[in-house]
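A short worksheet on the structure shown next.
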Protein chains: 2
Amino acid sequence: MSAISPLAPTHVPDMPVIAGVTFATAAAGIRYAGRTDVLLAIMDKGTTVAGVFTQSKCPSAPVEWCRAKLGGGKSSSGGLARALVVNSGNANAFTGKTGRQATALTADIAAKAVACKPGEVFLASTGVIGEPLDASKFNGVLGTLAQKAAPGDWIGAARAIMTTDTFPKVATATAKLGKATVTINGMAKGAGMIAPDMATMLAFVFTDAPIAAGALQSLLRSGVADTFNAVTIDGDTSTSDTLLAFATGAAAASGAPKISRAGDPRLKAFTKAFGAVLADLAEQVARDGEGARKLVEIIVEGATSKASARKIAMSVANSPLVKTAIAGEDANWGRVVMAVGKAGEPANRDKLAISFNGIRVASRGARDPSYDEAEVSAAMKNPKIQIRIALGLGKGRDRVLTCDLTKEYVAINGDYRS
Amino acid sequence: MSAISPLAPTHVPDMPVIAGVTFATAAAGIRYAGRTDVLLAIMDKGTTVAGVFTQSKCPSAPVEWCRAKLGGGKSSSGGLARALVVNSGNANAFTGKTGRQATALTADIAAKAVACKPGEVFLASTGVIGEPLDASKFNGVLGTLAQKAAPGDWIGAARAIMTTDTFPKVATATAKLGKATVTINGMAKGAGMIAPDMATMLAFVFTDAPIAAGALQSLLRSGVADTFNAVTIDGDTSTSDTLLAFATGAAAASGAPKISRAGDPRLKAFTKAFGAVLADLAEQVARDGEGARKLVEIIVEGATSKASARKIAMSVANSPLVKTAIAGEDANWGRVVMAVGKAGEPANRDKLAISFNGIRVASRGARDPSYDEAEVSAAMKNPKIQIRIALGLGKGRDRVLTCDLTKEYVAINGDYRS
């Protein structure tokens, strides 16, 4: 495993208990030796679930499983979940009929272990594509995990779902819902093959707030737009990207009102906290981009629309030439111009202004008169680089996170078979 | 300068004279020391010209200059050219008003040297973006070059326009036009920032065939579709991409008929030879991709249309994860599935088949039953890798060339300020 990313958060939060959720991890030997690779989370009866998934036309078997169970409100589970099984080491993607059989078998084993219906079991897998997943390895393992499941170790859970990640990713927040305080915990894994839409590989968020499945789905869909869907590592979209949210409703016992609509004004504080957890996890994914040495924030303003700003920001964020320049600590705004130009969105060279970490390097179609190479070079040594691009055309604004492209990215992906 | 690409052609063709074209090169000290960096080509009166350019919304000043002179038939030059000035080391891109002044000054100096109108001078620049180009350096230099211009040294000319290229790129072909034999010579430079549309940075093709400007423009536009526009190194599109074609018409003297329409049936052999020169140059650009160790050919067949096949092939060709896997000699078809899936085009996982260098590794949504890791691994050691993707949906087919993504790409682009 690689050394921990230099961009890893220095502070890991204390993760509180989420009433109604217990979990446990095990080393099932799916691919890795000497580490955990399976997570079982068990939720109380009545837990609602929502999900957003990869837009890949070739999704993994677990993605198809979860989509079918959610089914846009017409699901067999009615948007209810009792268990989540996540394994790392094998993505169960492009495994054909065998893959579908593996998901069904995993759900059956988990349903027996947890005493629920298979349709209430949600699945996610990450790791190698194209290798059959031997789900019989879960026999016994999931039963044991169900017995030892406890409210406790969130970081251990986040660690069990890692692949090329160099650190476990967790986030937490609380919010007032009515007179009660509700909690939101999340975990994610990512690192490579990260691009919209969905931008993470796997992320799971849990809350004790009592929120109906449809409302939770709306919250999740709007919550990812400027968080997970605004992060890119390499423009590559996994076949397995999955973000699931679970709401146990346990906080109803302490007076939290039951929420049936995402637009309910009582949800205001919750929506903000939920968004903050998603944003925190998404940023951690960028901070753990494969081989990353710089966290890069691209801000585009003055575009003709937010959608246009997003497209330009993504063009810059995914440009290998911009990313390698940042790796070389070179404030190469010429390559930023190139990436703006290739986005195909309205842009006027002679109105363009570009700043690196607050220092304007280009304005009105040429190098800024105040440009000072030494000042800019010093700023580029910062581990966080902000590129601000002002188009001067309209009011569209957007922000995207990415990282630099280093030799380590090539080394990681030239060796590891994902 | 980097070592010559291991993918460089082993055979460099003898380049014949093109009647009506002379040229010379010089070291003007624009950026590089100890090498040539300016090319002046002089064409006889009556030479027609056609051009295709970057689709960037922020094109360089020389691109705007050439576009204005061509002007879609309504040009000031009437599609006629007498001189071409190319410099390397400075792209004269994103240089604002200074950039426009530099193009005008360069054209004036060249026009005086060659005794033509400034509107008959075509310009191209490649190198650093955002640095003002001091066109006064051409004073004197172009006059000297005009005096010593000769039909001779094509490889020297191709060398003068290089930036991070590791070898000069030339190609030649002949064709029957009526009873005469006409010649087509071309040169290109590329290496990085290569993607459609236009896929090369700079390429220039010359022929002695008598072809009207409009017909030449049609030939060029259809000729690039499956050659230069089907090559990608890193998905990044330069602000300066330029391909110009010049037809001196000198072969009319030896009986070649004057051609006014691209659809003229007498052009059949010429069109084929012209396409072969473009294809040869485009492949050399891929072979000299920055840091490239593998030439990669992506063939997509069974798509719903050719356009859909192109989009999928480009998605695979630009995927950093596919490219790093090839660098690692890993037949990682899972990443190919990923890249097919993210293209957003019709694809059915369970009908997909993938081959590497003729060895089928995946079929019908899973690993091929005959898959033999050792056989595939041995095939991946080949410097040329062909990935064939059969979608099984329709008759759409396309082919794209690219190269692998190596640590050297990162090193080249983390140091070199382009």
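These numbers come from a predicted model, not from an experiment. Hydrogens, waters and symmetry mates play no part in the numbers below; they use all other heavy atoms, side chains included. A, B, ... follow the sequence lines: proteins, then strands. Residue 1 opens every chain.
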Can you tell me which portion of [X] sits under 4.5 Å from chain B's heavy atoms? Options are side chain, backbone, both or neither.
X	result
A:L352	both
A:P132	side chain
A:S319	both
A:S363	neither

Check: Can you list every pair that meets salt bridge (Lys or Arg N to Asp or Glu O under 4.0 Å) and has a residue in residues 91-101 of chain A, with sequence neighbours left out?
Finding: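 Every pair satisfying salt bridge (Lys or Arg N to Asp or Glu O under 4.0 Å) with a residue in residues 91-101 of chain A: A:R100-B:D350.
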
Checklist line | Option that, when pairs with chain A are counted at under 4.5 Å, heavy atom only, ranks first among B:E408, B:K407, B:K323, B:E329 | finding: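 Among B:E408, B:K407, B:K323, B:E329, the one with the most close pairs to chain A is B:K407.
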
Checklist line | Which of B:A327, B:G344, B:A362 touches chain A most, by non-hydrogen pairs under 4.5 Å | finding: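 Winner by heavy-atom pair count: B:G344.
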
Next item on the list: Could you tell me which non-hydrogen atom of A:T324 sits nearest to which non-hydrogen atom of B:V410, and how far apart they are?
Entry: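 Smallest heavy-atom distance, with atoms named: CG2-CA, 3.9 Å.
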
Next item on the list: Of all the heavy-atom pairs spanning A:A347 and B:C58, show the shortest one and how long it is.
Entry: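 Heavy atoms of A:A347 and B:C58 come nearest at CB-SG, 4.5 Å.
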
Check: For the side chain of B:R349 and the backbone of A:F94, is there at least one donor-acceptor N/O pair under 3.5 Å apart?
Finding: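 Looks like no, no N/O pair under 3.5 Å.
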
Next item on the list: Please lay out, stage by stage, how B:E345 and A:K57 fare under the test side-chain contact (heavy atoms from CB on, under 4.5 Å).
Entry: CA-CA 8 Å; B:E345 291 296 308; A:K57 301 284 181 184; over 6 Å; no

Next item on the list: Under 4.5 Å, counting heavy-atom pairs only, tell me which of A:V337, A:D404, A:L405, A:T406 racks up the most with chain B.
Entry: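 Maximum pair count with chain B is reached by A:V337.
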
Next item on the list: Tell me, out of A:G99, A:A339, A:G130, who's got the most heavy-atom pairs with chain B below 4.5 Å.
Entry: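 Among A:G99, A:A339, A:G130, the one with the most close pairs to chain B is A:G130.
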
